[in-house]
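Notes follow once the structure below has been shown.
Read the numbers this way: they start at 1 and go in the same order the structure lists the ligands and their atoms. Because the structure is predicted, anything quoted here is derived from the model rather than measured.
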Amino acid sequence: MGTPPDPHTGPAMPFARPAFAALLLSLALASALAPARAAAQEPTSWFFPDGTAFDPAIPSPEEFLGYPIGDFHTRHDRIVSYMETLAELSDRASVQTIGYTHEHRPMPVLTITSPANLNRLEEIRVAHMSATESPPNEELPVIVHLGWGVHGNETSSSEAAMLTAYWLVAGTGADVARYLDEGVYHVEPVLNPDGRDRHTNWANMHRSEPFVTDPLDREHNEVWPGGRTNHYWFDLNRDWLPLVHPESQARIDFHQSWRPHVVTDYHEMGTSSTYFFEPSKPVGSWNPLLPERLYTDITMRFADDWAASLDSLGSLYFTKEVYDNTYPGYGSTYPNFLGGLGLVFEQASSRGHWQDSDHHGVLTFAFAIRNHVRTALATVRVAVEERAVLQEYQREFFRTGIETAEAGDVGGWVFGDAHDASLNRAFLDLLLRHRIRTYELSSEVEAGDHTFAPGTAWVVPAAQPAYRLARSIFERTEEFADSVFYDASTWTVSLAYGIPDGELGPGSLPLGDEVTAVPEAGGLPVDRSSVAYLLDWRDSGAPTALRALQAAGVRAEMSTRGWTSPTTRGEVGFGAGSISVPVGIQTISADSLHRAVQAAAGAGQVPIHAATSGYSVAGADLGSRSFGPVRAPRILMPIGDGVSSYEAGQLWHLMDQRIGQPVTKVDVADLGRVDWSDYDVLVLVSGGLFSGARLERLQAWVREGGTLIAVRTAAAWAAANGFTPNVAAPGSGGGGGNAEEEGPTRLPWADAGDLQGAQAIGGSIWAADLDLTHPLAFGYTQETIPVWRDHSMFFEPSANPYGTVAQLTDDPHLSGYISEANEARLAGSPSVLADRLGGGSVVLLVDNPNFRGFWRGTTRLFLNAVWFGDRY
Ligand SMILES: [Zn+2]
């Protein structure tokens, strides 16, 4: 629970492998007679169609690596070296590093084309980019981006990338010469290097000779968290829109610079499946913002060739059954928003070297790799043959986008938070990364129940080349062709950020200057004070600054009431939850304090004000009893087997990358070694549960003053296990949520999957009413905030009248799909509950506060629980 279903476990379908029986027989004989060696040993030629010839001056992957492809899993650094070697030896290729991962692995892109094209590559790029929005230029090559292995444990992809690059760089046939003349190929061999190496080392370190095909062997069963995700356990195949990670930021910059006509996204799925290529399922998998022609015409031009390439091998496949293509955060969908064709390919995984499949014998790594190679070759061939169509389609895409925008009733979107400059900067940064044209607001406007003022608000016009992407960032989705979702049914980014926004009508827009860079933070540097330094909690950069202050040994106080202070820059208002750093109570010198405050303001990119008096203009004085100490939290989060790596990773990333706050991650197997007196805050995400003596010890720790923050199903667990005297465990939503059912109903068996899918809450956005006076809500200025809900846990309000901090409103729907039965149950359903147990506190965050790392709007609830959880 709590994590997206493994999307690559498709239905089991048979596949055939010519030559397999012979191969297995020879292996059996080899094992019997000479047990030392039993590897795959497929020659390079086996991966390519008969008669494919290569330049002997260029090493094949096997010659370079020293083993046949399929015999080992190739480490990322070796793949990088092979790309560099190809670029070094060939005048058809050049290599660049487009970015670095969290673990500082390079992200290479090998660009392959004819030597003549390569010599004028930048000229081609500039001409291509302008041709996407202007008259045709048929002389230009087709731009193809061959991307592989966004899921690190779907490893046949990147092995196939090396072979495909080899074919383009070293192939000597007339066909390859034509492809190079008429195309530019960007080979991005590993989209998730950190995850790739986690799995690659796993597969190699457990590799046996002879191969052990038993699915129970450790080689085929990675330990938590596995190699699918990146360093922070995020699925990078959801990050093309949120751009939370450096991998995606670098990748989108490259795609925005090239707007490829065709983009491949190579994956693996369940071992007993076969192969999948598009078209994907026709109902509900088309994004309604994209031209229908993409699905009915452009994709279909490729399908026959993929089919033929696999038919020639006797490899079975399926199409049209699963995999939606609607969310712009997928690697196979984002390219569609740049006027290209994004394509997902799925190969049954050997997950390890050789593995028994359910009903069709052994699936080998080499077999998986070869299928991917063949569809890649077919993709290149069709892209060249359809070059003029792809170019014309891309021009039409941008032209019809602007025409649709001009004909629509939305002229643009206005957004901005008057109190949260950090949030504004983060949102502007995202828009600029997506090349969405954005302007300063020139005059005050009312929209979407908000008033927006110049200086703290901006405008995105609808009529612009990035119209479709802009619309999917702001638009609420309410109509659905289907009720079954492979993933979330909505992704409205402005709601996820919790940034006030509204639609503007057609006609002239209040546009000021275009924004070309994220504005600098105001109010830096910090003036000197002899009284106190003040930090407004309403700016979402404040927790980062507070953490920096505490790391420097500075004592900070928080006020439960707002106030207005005289400062060196005039009178400044501060919201409840804001921070005062009194100069007189510190243990460090006034000079050191000023330096620490200066550094903290820089770390948080947030102004810190210098008070000129403790006597406030309004509200609490700086010595008021509403001020109390803020603890420097010592945080523990159990991780490991059974724990949701996604939820844990999202909070780890938040604390690491945005706040700079250490979190001790303890494997669940080591919890017996914890000295609980060393920690103030325990973060439990879904699956991180306690029982027996450890449960009793944990309850004692809370009673002694600890703060338990329980997220999603951990919240239900805490309520069911005696942590919340005032909050009952949620009634069973049954997961399927069929509470209103009136008795046995007879339905067609074939519809069962769809009907169950329709009853699940797969992820949608809801309005919650917030008690702005509660410490867990400090920093918020809007009483209604969007929350992300993807579960069927319906809590009752707390028996303590002050304990239900946030609950869904009476009419809470904001965006996304929900069945009618579930919608009725959502009204009034609590989202945040706060309780006390003895001297400690328990915070139930029923809805994920940091979904996919881009739900910035609700992270504040979690951060308040960390710093202020002992203040209610
Ligand atoms: Zn995948």
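A salt bridge is defined here as a Lys NZ or Arg NE, NH1 or NH2 lying under 4.0 Å from an Asp or Glu carboxylate O, and R207 with D71 meets this definition. Contact check on D305 versus R381 returns a salt bridge, with a Lys/Arg side-chain nitrogen under 4.0 Å from an Asp/Glu carboxylate oxygen.
With sequence neighbours excluded, the residues that form a ring pair (Phe, Tyr, Trp, His ring centres under 6.0 Å) with Y166 are F54.
For residues 188-205, the pairs satisfying salt bridge (charged side-chain N to carboxylate O under 4.0 Å, His left out) are R105-D194, R105-D197, E159-R196, E188-R251, with sequence neighbours left out.
Nearest N/O/S atom of H151 relative to the Zn ion (ligand 1): this is ND1. Residue-level check: among N/O/S atoms of H267, ND1 sits closest to the Zn ion (ligand 1). Closest to the Zn ion (ligand 1) among the N, O or S atoms of E154 is OE1.
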